[in-house]
Amino acid sequence: MKRRKFIQSAALTGLGLTVGTAFAACTDTQEQEKKNKSATSNSNMEPSTPMVIATWNVPNATTKAWEVLQEGKSALDAVEQGVMVEEADEKNQSVGKGGLPDRDGNVTLDACIMNKDGNYGAVVCIENIKHPIAVARKVMENTPHVLLAGNGAKQFAIESGFTPEDLLTESSKKAWEEWKIKSEYKPIINIENHDTIGMLAIDKNGDISGACTTSGLAYKMQGRVGDSAIIGSGLFVDNEVGGATATGMGEEVLKTVGSFLIVELMRQGKSPQEACEEAVKRVVKKSPNYKDFQVGYIAVNKKGETGAYCIHEWFNYTVYKNNENKNYKSDFYNK
Ligand code: GLY
C-alpha cells in the first residue's frame, strides 16, 4: 500500500474511510479502546520489563527487538536491530529501502539512536544506505560527532563497511512518477498504515534505549530534514526517567521539541499517557491548522509503563512484553 500520500485537507474524512482497511490488525471498538488504555496507560499497572514499544503495526520489528532482549543483549542492540527490520522491508514506503523519494526522485533517509548513557548519534539526508540506524550508531560510537549529513554521512557509512545501493524501488518510482504528473506539494497529513518507525526498549538491567528512522515526508524539497533524527524531537531518552518518540509531521514535532517535552513531563511526575497527551495538546495549541496534519507520540517510563496519543484517529503502536506482541490503537485528540 502506498503511504504518505499528500491529500487535501478537504479529503481528510474520506481518507479515514479509505485507510480504515489498512488497520485490520487494530482493534477499533470503544470497548477495546478502554481495554487498551487500561492495559497500556494506567500508571497503576504492574510494570513489566524487558519490553519493547514501537510506532505503528510492526510486529516483525518488535519481535526482532524482543528476541535480542531475550538473548540478554542491551536495549540499544534491541532497538537498532528492531527498526532495521522495517528499514529492510521494501513494502514499507516510509522507511529505508523503498522509501518514497523527494520531489527530484532521491530517497533520503534520517535516523537517530540514543543509549542509556544519554549518548546520541544521527544521520540526516543520507542516500544509498539501507540501514541509516546502524550508521547513526556508528556515528555515536566511532566519531567525535553526533550528527552527520548528506554526502559526509554516506562517505562515513561506506568507510565503515556499508555497501551503497539504489533505494528507489520500482513501486516507489512508480508512485513518484504518478505524483509528478500534478507535482502538487501538499504536505497536509498522512494517517496511513506506516510512517516513521520509532522504537523504545527496556532490557533486563532496566536500561532504556531508543531508535527512530524514516525516509521523511514524501516528495519533500531536496534537503528537507524532519524531526526523526533530531534529538529531543523525534526521539529522546533519559535512562533515569524514560523515553519518547514521535511519528507524523516532522515540522510540527520539531517546533515543539515533543519527545524531550514528554520525558521532562514524566520527570515531573506525569504518567507516560499524560505526558503524551500534553505534548500533542502543545502541538494543537501552537498550530491553528492542526486538523490538517498528524502527530503521534509513544512513551515509556522507567517502570515499563507506556503511553500513546495522537491528533487524529488511526495512529497505532505495538508493544511486546510478557511474551505477548500486541498492536493497540492510540487514543486521539480530534474526536
Ligand atoms: N516524522 C518524519 C518526518 O516528518 O520526517
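What you see is a predicted model; the values in this text were computed from it and never measured. Ligands are counted one by one from 1 in listed order, and the atoms in each one are counted from 1 as well.
- Ionic pairing of Lys174 and Glu178 is present here: one or more N-O contacts between side-chain nitrogen and carboxylate oxygen are shorter than 4.0 angstrom.
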Which pairs would a plain distance check flag for residues 234-245, meaning a side-chain donor or acceptor within less than 3.5 Å of a matching protein atom at least two apart in sequence or in another chain?
residue	atom	partner	partner atom	Å
Asp238	OD1	Glu240	N	2.9
Asp238	OD2	Arg267	NH1	3.3
Asp238	OD2	Arg267	NH2	2.8
Asn239	OD1	Ile208	N	2.8
Asn239	OD1	Lys302	NZ	3.0
Asn239	ND2	Asp207	OD1	2.8
Thr245	OG1	Gly234	O	2.7

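- Taking only nitrogen or oxygen atoms, main chain and side chain alike, Thr196 reaches within less than 3.5 Å of ligand 1.
- Nearest to atom 1 (N) of ligand 1 by heavy atom, out of Gly248, Gly250, Gly296, Gly198, is Gly248.
- The contact set between ligand 1 and Gly226, taken as ligand atoms under 4.0 Å from a residue heavy atom, comprises 5 (O).
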Review item, side-chain donor-acceptor pairs of residues 127-136, under 3.5 Å, at least two apart:
residue	atom	partner	partner atom	Å
Asn128	OD1	Lys154	NZ	2.9
Asn128	ND2	Glu165	O	3.1
His131	ND1	Glu87	OE1	2.9

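- Close approach to Ser228 involves these atoms of ligand 1, each under 4.0 Å from a residue heavy atom: 1 (N), 2 (C).
- Summarising the contacts of atom 5 (O) of ligand 1 with Arg224, Met249, Glu251, the nearest heavy atom is found in Arg224.
- Ring pair Phe332/Trp314: centre-to-centre distance not below 6.0 Å.
- Between Tyr290 and Tyr333, the ring-plane angle classifies as perpendicular under the 30° and 60° cut-offs.
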